[in-house]
Amino acid sequence: MADFLVSARKYRPQVFSEMMGQEHVSNTLRNAIKSGKLAHAFLFCGPRGVGKTTAARILAKTINCETPTADFEACGTCHSCTSFAQNSSFNIYELDAASNNSVEDIRELVNQVRFPPQSGTFKIYIIDEVHMLSQAAFNAFLKTLEEPPAYCKFILATTEKHKILPTILSRCQVFDFRRISIETIVKHLREICVQENIPFDEDTLHIISQKADGGMRDALSMLDRLVSFGGGKLAYSEVLENLNVLDYDYFFKVTDALLAENVSDLLTLFHQILQKGFEGDDFMIGLCEHFRNLLFCKSEATANILELSSTLKEKYLQQALVANGNFLINCLALGNECDVRYRMSKNKRLTVELALVKMCFVNRLSEVGFSTDKKKMVN
Ligand SMILES: [Zn+2]
């Protein structure tokens, strides 16, 4: 299992067609290579762990490949490609501006730019977290970015596009990388599990993908950690515990208790959740997410937006049949109000319990003109 602990590296995409969730970027880059109209500077923007550096490396490898394929992908076998794979290529320079952001760091880079590549066609400079460069470093870099030698390509990457100066932005071709969908992450994790003979189930992969919040790198490092923790397998309950995720089942049960106006079940469930070590506000946020999912199940168009495994989606569709829209909207309003009050409350547990009890009778309360309006609230 030891050799599995590098899945982020082992399964890193090597060519454009393997890049996941960023087809708009890889297609545009490939077309530019094809037409020979490649910009000299690129700015890759987007959340962390969605493939910006990977795309930069693929671009660098492809434009230096000696025998590219008919689809304009790197061949992976020529001298240039193999030296890239072994990290021994002299044509690619990576600078992490988060830790090397001084004017000296940039001057050193600018000095290197003057020398043409010893082999291959292009020298590629990747500057990660470029927004971290100091003002002086930015200024030292601007001239080079403006008039670089023809053999130079700059790929700047950032998670914070708004911090990039307009003078830099205007000199770069900008690509916006997206968060990767849960479906795409699940698919990739599934492929890895199959390849590595790791027993898994779909719901577990969904939990990991959801927790990764659009970042493939986070999803893969979680997978590594969970598999090594689980002794070579992924067990649903262990994964929930490890990622500190509350089982969906609790939200279904809480909603059932609300619909049945069963206060006793409701408060017992909340007690169990607290006993498991979850915070009241996290539970309330999760419950509101649950109500939102139910609301989205009310129409086919919105149900399709939900990123859920098929078994889980079926459960949501079933519960949505018994939870009416009015109930859900009122509960969401109460949940939202609880979220606001929670921070100020001295008795946080009671704040959540009160919101839950109100939710329990929300259908009746609306009959007698219940409102969350401040003046009418019972203090
Ligand atoms: Zn090649």
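In listed order, ligands and their atoms are each counted from 1.
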Q: Number of protein N/O/S atoms less than 2.8 Å from the Zn ion (ligand 1)?
A: 4
Q: Name all pairs fulfilling the salt bridge (Lys or Arg N to Asp or Glu O under 4.0 Å) condition that reach into residues 23-32, sequence neighbours left out, sorted by first residue then second.
A: Arg30-Glu73
Q: Under 4.0 Å between a side-chain nitrogen and a carboxylate oxygen: does that hold for Glu307 and Lys313?
A: no
Q: Given the ring of Phe278, does Lys276 sit roughly above its face, with NZ or CZ under 6.0 Å from the centre of the six-membered ring and within 45° of the axis?
A: no
Q: Under the 4.5 Å side-chain heavy-atom rule for ILVMFWY, direct or indirect, which residues accompany Tyr93?
A: Leu43, Leu95, Ile106, Leu109, Val110, Val113, Tyr125, Ile127, Val130, Leu133, Phe138, Phe141, Leu142, Leu145, Phe154, Leu156, Ile164, Leu165, Ile168, Leu169, Val174
Q: Tell me every residue that passes ring-ring contact (aromatic ring centres under 6.0 Å, His included) with Phe296, counting only those two or more places apart in sequence or in another chain.
A: none
Q: Taking the six-membered ring of Tyr342, is the NZ or CZ of Lys348 close enough (under 6.0 Å from the centre) and on axis enough (within 45°)?
A: yes
